[in-house]
Structure formats: structure tokens, C-alpha cells
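Encoded as C-alpha cells, the structure appears first; notes follow it.
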Protein chains: 2
Amino acid sequence: EDIVISGVAYNRNLSKISLLGVPDRPGIAAEFFGRLAEHHIVIGMIIQNVGTHGLNDISFTVDRAEEKKALKIARDACKALKAKDVIVDSNVAKVSVVGVGIKSHTEVAARMFAALARNNINIESITTSEIRISCLIRESEVDRAVKVIHDEFALGEAA
Amino acid sequence: EDIVISGVAYNRNLSKISLLGVPDRPGIAAEFFGRLAEHHIVIGMIIQNVGTHGLNDISFTVDRAEEKKALKIARDACKALKAKDVIVDSNVAKVSVVGVGIKSHTEVAARMFAALARNNINIESITTSEIRISCLIRESEVDRAVKVIHDEFALGEAA
Ligand SMILES: C[C@@H](O)[C@H](N)C(=O)O
Ligand SMILES: C[C@@H](O)[C@H](N)C(=O)O
């Protein structure tokens, strides 16, 4: 499958809220996102990686304008679900490489990560789908990140 | 934005390899995926959530047939990057709700998670994109998971 990279997308003004140390058993994610849906919180990414010792962490992003409202719901859920803690990062941006056939191209991911690494941009979170590789980074680095990824894939001018 | 759910997708025969406790600084992900790309490992999902105490975990999925090869590379990387450990789960499947406008629909996620919870299916990992919500679950549960998600969204017969 040929790689066709159509561009670099980005979102500024994000907050990432993480529920740390939730019990890793059925019903927890449903309860957490049920509460957020009830309050009509518009969520961006949802990320949960691997659990250890029966616990797991669940993060999600929201537009910064919704952070306060979302944080209150997350803190209430933290108590109800007996999670360990809620942390919030109000300084997050997302940068993504978008294209067809990306899913099976490990080297696209490796090149994207290397471009960020060469420019000393720390990758805080990663998610992928069939057509996109997304990284969460410091908001202050998003312009630089978009430029160095454009350069890496010779995509020409950023839109 | 109206929700248009086009279906439920799934992948069986996956293995999830997790590099635990990597230093959370620029260059680590680039080195790790650079090694995997060098050996032409075809990767499915990549997941990294929130770091704590300067460390983070990075997971990826591969087709089970590639697990042995990928695991050797991950174990070598674990030493080179001074990560804490590598764990592998050889019994993983992915189930996804796919559709337009999903990104901002917290209730689609809540409903998908609730359908799995009602049927006692544990959600082991979660990633989302603009058009898809994906969960990793036990492979033995994938048929049931597809069915209960179809029912939840009244999608009719599974393809
Ligand atoms: C952690 C959380 O996702 C849990 N495993 C669940 O199924 O709800
Ligand atoms: C953990 C790893 O992603 C690291 N933060 C990096 O940028 O490479």
C-alpha cells in the first residue's frame, strides 16, 4: 500500500484531563463517559493504554473553554469510581499526520517522531487510526511541530 | 453535527506489546519506532497515555504472526532505552464504532462502553479519531462485542 500523506493537521487550545488509577473492570469507562455525556461535554481524544496491578488511567481532551466544567465532572467521577486522582494539563495541542495507508507504515510514525525529537519536542501522548497518527505536545510548540513535520515529509507550505 | 454510524469494524489475532516505564523525554519514541521500522514490522495501533514521575508507557499492536519478531525488537529497545519492562498480550482483538461526526459525540462513546459493560466485557485500551472509537478487548469476546454494539446502535446484521 503506497503512503499518500495528505497533510498535517493540528488543534490548539486543548486541555487533557486524566483519571488516574481507576479499577480496570467492566463498567468504569461507561460510567465515566456516561457522566460526561449527560453534561453534554464535547470530547476530543480518548486515550487508555495498558493496565497494571488491576488499575488503569483514562485521559480525554476538551477545548480549553470546557475544561472547568469537564474537570468538575471528572473529580466527582474520581470519588464515585474510587480512582486515585485526577490531573489536568491546560497547555496541550494535538498535531497529526494524515494520509491513506498510514496504518501499516511504521516508518511514517518513526519519521514523525524523529522530526519532533530532533527539534526537542516531547511527545506527551500518541494515538493512531487507519489514516492518522496523532501526538499531544505542549501548546507552545505546535507551530514548530507543524513546520518540522511538513519539512520531514516535504509537504510544502503549511495551509 | 449529526451522528452517522456506518458500522462496527473488528480485527482478531492481535498481540499488544507494551514498553513500560520509558523515560518521558524527546527521542525515545523515535528510537523505539525507528527500530521497528528498520525491521519492517507492520504496526496496528500505537498508544501512549499520560506520563507520571518522568516515565511513560508505549504500546502497539501487531498481527499475532509478527509477535515473536516484534517482541525481540521491543526487548532490545527496552535495554537500550533503560525502560522498566516489556509485556506482551497475545490474546487481543480490536472492535471499533466507525462513523462521521463521532469525534464530538461523547454519548456514542458512552453508549459503546455501556454496551460492553452490560455484557461484562472489559475494555483494555481505548483510542479515538475523528471518525472512529476503538477498544482493545479479549479476543475470545470479539464476536459478542460486535453483536452487542450492533444491537446498541441498531445497525442490523453484522457484515
Ligand atoms: C478502565 C476501564 O476502561 C475498564 N476496563 C472498563 O471496562 O470500563
Ligand atoms: C515517551 C516518549 O514518547 C517520549 N516522550 C518521546 O518524546 O519520545
Side-chain angles (χ1 to χ4, degrees), chain A residues 16 18 20 24-38 40-52 56-59 87 89 103-135, chain B residues 16 18 20 24-38 40-52 56-59 87 89 103-135:
Chain A
K16 181 169 83 173
S18 302
L20 301 180
D24 200 348
R25 56 158 200 274
I28 298 290
E31 169 73 23
F32 188 38
F33 288 93
R35 287 170 177 245
L36 291 161
E38 230 173 85
H40 310 295
I41 303 287
V42 174
I43 282 181
M45 294 163 88
I46 300 173
I47 312 173
Q48 178 189 314
N49 194 349
V50 56
T52 42
N56 210 326
D57 302 330
I58 306 177
S59 299
I87 58 175
D89 184 342
K103 186 184 79 189
S104 58
H105 288 281
T106 314
E107 72 270 20
V108 171
R111 286 175 62 194
M112 178 188 189
F113 301 159
L116 295 172
R118 277 195 306 277
N119 290 276
N120 215 25
I121 295 171
N122 195 45
I123 301 169
E124 306 196 342
S125 294
I126 306 169
T127 63
T128 59
S129 77
E130 274 62 8
I131 59 165
R132 176 187 278 254
I133 301 171
S134 295
C135 293
Chain B
K16 180 169 82 174
S18 302
L20 301 179
D24 200 346
R25 58 158 199 274
I28 297 290
E31 170 74 22
F32 187 39
F33 288 94
R35 287 171 177 246
L36 291 161
E38 228 173 271
H40 310 295
I41 302 288
V42 174
I43 282 179
M45 293 162 87
I46 301 173
I47 313 174
Q48 178 189 314
N49 195 349
V50 57
T52 43
N56 210 325
D57 303 329
I58 305 177
S59 299
I87 58 174
D89 184 342
K103 184 185 77 188
S104 58
H105 288 283
T106 314
E107 73 268 21
V108 171
R111 286 175 62 193
M112 178 188 188
F113 301 158
L116 295 172
R118 278 195 305 275
N119 290 276
N120 213 27
I121 295 170
N122 193 45
I123 301 168
E124 307 196 341
S125 294
I126 306 169
T127 63
T128 60
S129 76
E130 275 63 8
I131 58 165
R132 174 189 278 256
I133 302 171
S134 296
C135 294

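The structure presented is a predicted model; accordingly, all values stated were derived computationally and were not measured. Below, chains carry the letters A, B, ... as their sequence lines are ordered, and counting in each starts from 1.
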_I'd like to know if the side chain of A:Glu124 and the backbone of B:Val50 have a donor-acceptor N/O pair within less than 3.5 Å._
no
*Which value, rounded to the nearest 0.5 Å, describes the distance between A:Ser59 atom OG and B:Ile126 atom CD1?*
10.0 Å
*Which one of A:Gly27, A:Ala114, A:Ala109, A:Ala29 has the most heavy-atom pairs closer than 4.5 Å to chain B?*
A:Ala29
*asked:* Please classify the contact of B:Leu36 with chain A as side chain, backbone, both or neither, using a heavy-atom distance under 4.5 Å.
replied: both
_Apply side-chain contact (heavy atoms from CB on, under 4.5 Å) to residues A:Ile123 and B:Asn56 and explain how you reach the verdict._
CA-CA 10 Å; A:Ile123 301 169; B:Asn56 210 325; over 6 Å; no
*Highest number of heavy-atom pairs under 4.5 Å with chain B: which of A:Ala110, A:Ala117, A:Ser125?*
A:Ser125
*Excluding sequence neighbours, so at least two apart, what forms side-chain hydrogen bond (donor to acceptor under 3.5 Å, both in side chains) with A:Thr128?*
none
*Given a strict heavy-atom distance threshold of 4.5 Å, which part of A:Ile28 is in contact with chain B: side chain, backbone, both, or neither?*
neither
*Sequence neighbours left out, what passes side-chain hydrogen bond (donor to acceptor under 3.5 Å, both in side chains) with A:Glu38? Give chain and number order.*
none
*Do you know which of A:Asn49, A:Thr52, A:Asn122, A:Asn120 has the most heavy-atom pairs under 4.5 Å to chain B?*
A:Asn49
*Which answer fits A:Ser134, side chain, backbone, both or neither, if we ask what part of it has an atom under 4.5 Å from a heavy atom of chain B?*
neither
*What residue in B:Ile46, B:Leu116, B:Thr127, B:Asp24 has the most heavy-atom pairs under 4.5 Å with chain A?*
B:Ile46
*Drop me the distance from A:Ile43's CD1 to B:Thr106's OG1, to the nearest 0.5 angstrom.*
4.0 Å
